[in-house]
Visitor: 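Sharing a structure here in structure tokens format.
All of these numbers come straight from a predicted model, not from anything done at the bench. Per chain, numbering begins at 1; letters A, B, ... match sequence-line order.
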2 protein chains.
Amino acid sequence: MRNVKIYWSSMTTRSASSNRNASRSRKLALPYTTVDVVIFTVLDDALQVLLVQRRGDGDEPFPGRWALPGGFVDVEADSSLEDCARRKLEDKTGVASPYLEQLGSWGSSTRDPRGWSATHVYFTLIPGQDVSLVKGANAADVAWFKVDEVLHPRGLAFDHDDILQSAVERLRGKVEYTSLPAFLLPEPFTLPQLQRMYEVVLGRPVDKSGFRTRMLAGRFLEEVGYADGESNRPAKGYRLIDRLSLVVFPRTFSPRGAD
Amino acid sequence: MRNVKIYWSSMTTRSASSNRNASRSRKLALPYTTVDVVIFTVLDDALQVLLVQRRGDGDEPFPGRWALPGGFVDVEADSSLEDCARRKLEDKTGVASPYLEQLGSWGSSTRDPRGWSATHVYFTLIPGQDVSLVKGANAADVAWFKVDEVLHPRGLAFDHDDILQSAVERLRGKVEYTSLPAFLLPEPFTLPQLQRMYEVVLGRPVDKSGFRTRMLAGRFLEEVGYADGESNRPAKGYRLIDRLSLVVFPRTFSPRGAD
DNA sequence: CCAATAGTGTCTTTCAGACAGTATCAC
DNA sequence: GTGATACTGTCTGAAAGACACTATTGG
């Protein structure tokens, strides 16, 4: 025998102030709304993440600390959350990545010292080579960091350690059964290169034969000439048939149900 | 050769107004922040979702239309997004469901006619029996609906059709390889009952033998006596060892890689 | 005995994992 | 030829799918 409130509790409270279209001058305090982007790449055979150093002066929280790129939603400029995320990604990297996935949202009264805030987090994978140029042409406050070194010891601004942790788990999880790592390579790429991406992200070797079978069975790659080899047998070049969508394999790479 | 902005664009704009802890009286407009909950159950051998009818009077948008339960984050009362979702769930159902998963967030300038808004969506599964009492004790504006009938024709308020669609896809997807449907049953339950939950959600029959092997191999159930049968062999009763966490099976139920 | 549902055994097919073998380049 | 890397073939073992079989209740 429980009781049930009939109307939306907050809704009711809110409409009691009887201003419908006014988005300013209200009674109820609104949380801050931000968007952050976790940008992964593989450089130097290591999984890396793009971080931005917060300003050391002024009155902003976490001065001088490194953080995920992101910021407040701009009601005038951003038409949607994904739109906002895409712009932040392009601002920092110059890359208009087609693949952008929502990771989740984090919101609480304590995560930002300025007040109640909620952030919508997206993540993406981009080819590292494309961006190194940008980084070189810039100052020290945008940089790639090896994920493992960022996570211990933890030290990012806000709750970005938690967010990054989640992103890495999601990434490693999905790599087991999707074609995600293909987004880490510039096209055209070879199967051995792609295999390397899987190995770097997963942190373990992958069998060559099984790997090739799987990739080709996925029907998401199309041949496009040969890569110019170094001094051995040249590998076939491939590119994604559809650079937007992800292929899901029917099984994971190695069933971990070993007990 | 791309260019890179050094500072967070929105952040900069914002701090230019030079008020750090003030959460009111600013220049920048803030989006509305809401939380919605997709509450699933199985009743009458059908997957159902809890909906709330919006008020027909007043100046609120989508009067009289059905919507997912949810509403504005209350900065005073809610300490976090999940906290907020849990309260809304309990308000509507009286159930303090241990399992609550974040589905994603939807935010844009157009989804709410009152202005830029972003909603954080959670979803949960609860035993239908527990709640039917509550519904009986109440008026007509909280009710269960068969998911299939809600989705076509679509007709929910806001973008709740899209959200529900996503929730159903996520649910069906995860049911293939997790123990999710166990949350649809009151404890103790039997394996045949659990199998039924899988079949209802997936919309197809599941092999008995394989099903039992899988569930028992998952080591997430513990025996607890026998169910009092009707007029045939009584089944063993089980309950979840850990009512909070989900078990992930190494493979999906039926590899859909059939082309 | 029968009906009905719970639970098990067994065969087959499929497929990942392992690894050995072959192919094609530079020198 | 050698060395190096790309690519393929084959065997094996584990597990899912299908389905027949046994078990335990009430009447």
Visitor: Between B:R87 and B:D91, does any side-chain N to carboxylate O distance fall below 4.0 Å?
Guide: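 Between B:D91 and B:R87 there is no salt bridge, as every charged N stays at least 4.0 Å from the carboxylate O atoms.
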Visitor: Once you round it to whole Å, what is the distance between C1' of C:dG17 and CD of A:E176?
Guide: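 About 14 Å, once rounded to whole Å.
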Visitor: Tell me, for nucleotides 7-14 of chain D in 5' to 3' order, what letter each nucleotide earns: B for a base near a protein heavy atom under 4.0 Å, S for only sugar-phosphate near one, - for neither?
Guide: BBB-----
Visitor: Is B:S179 reaching over with its side chain to a backbone N or O of B:A182, donor-acceptor style, under 3.5 angstrom?
Guide: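 Looks like no, no N/O pair under 3.5 Å.
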Visitor: Measure from CG on A:N232 to C1' on D:dT2 and round the result to the nearest Å.
Guide: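 Those two atoms, CG and C1', are 13 Å apart.
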Visitor: Quick test of your reading: applying ring pair (Phe, Tyr, Trp, His ring centres under 6.0 Å), list the pairs with at least one residue in residues 192-215 of chain B, sequence neighbours left out, ordered by first then second residue.
Guide: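 Counting only pairs at least two positions apart or across chains, the ring pair (Phe, Tyr, Trp, His ring centres under 6.0 Å) contacts touching residues 192-215 of chain B are B:Y198-B:F211, B:Y198-B:F253.
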Visitor: More than 12 heavy atoms of other residues, nucleotides or ligands under 6.0 Å from CZ of B:R239: yes or no?
Guide: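 No, because the 6.0 Å sphere around CZ of B:R239 holds 12 heavy atoms or fewer from other groups.
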Visitor: Please report, rounded to the nearest Å, how far the P atom of C:dC15 is from the CE atom of A:M215.
Guide: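 Atom CE in A:M215 sits about 16 Å away from atom P in C:dC15.
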Visitor: What is the distance, rounded to the nearest whole Å, between atom CD of A:E223 and atom P of D:dA6?
Guide: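 Distance check: A:E223 CD to D:dA6 P gives 15 Å.
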Visitor: To the nearest Å, give me how far apart CD (A:Q195) and P (D:dA6) are.
Guide: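 Taking CD of A:Q195 and P of D:dA6, I get 9 Å after rounding.
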Visitor: Rounding to a whole Å, what distance do you find between A:R214:CZ and C:dA16:C1'?
Guide: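 Atom-to-atom, A:R214 to C:dA16, this comes out as 8 Å.
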Visitor: Sequence neighbours left out, cut at 3.5 Å: what donor-acceptor pairs do the side chains of residues 240-250 of chain A make with other protein atoms?
Guide:
residue, atom, partner, partner atom, Å
A:D242, OD1, A:L244, N, 2.9
A:D242, OD2, A:S245, OG, 2.7
A:R243, NH1, A:E187, OE2, 3.1

Visitor: Could you tell me whether the side chain of B:F40 reaches within less than 4.5 Å of the side chain of B:L47, counting heavy atoms only?
Guide: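 Of all side-chain heavy-atom pairs linking B:F40 with B:L47, at least one is under 4.5 Å.
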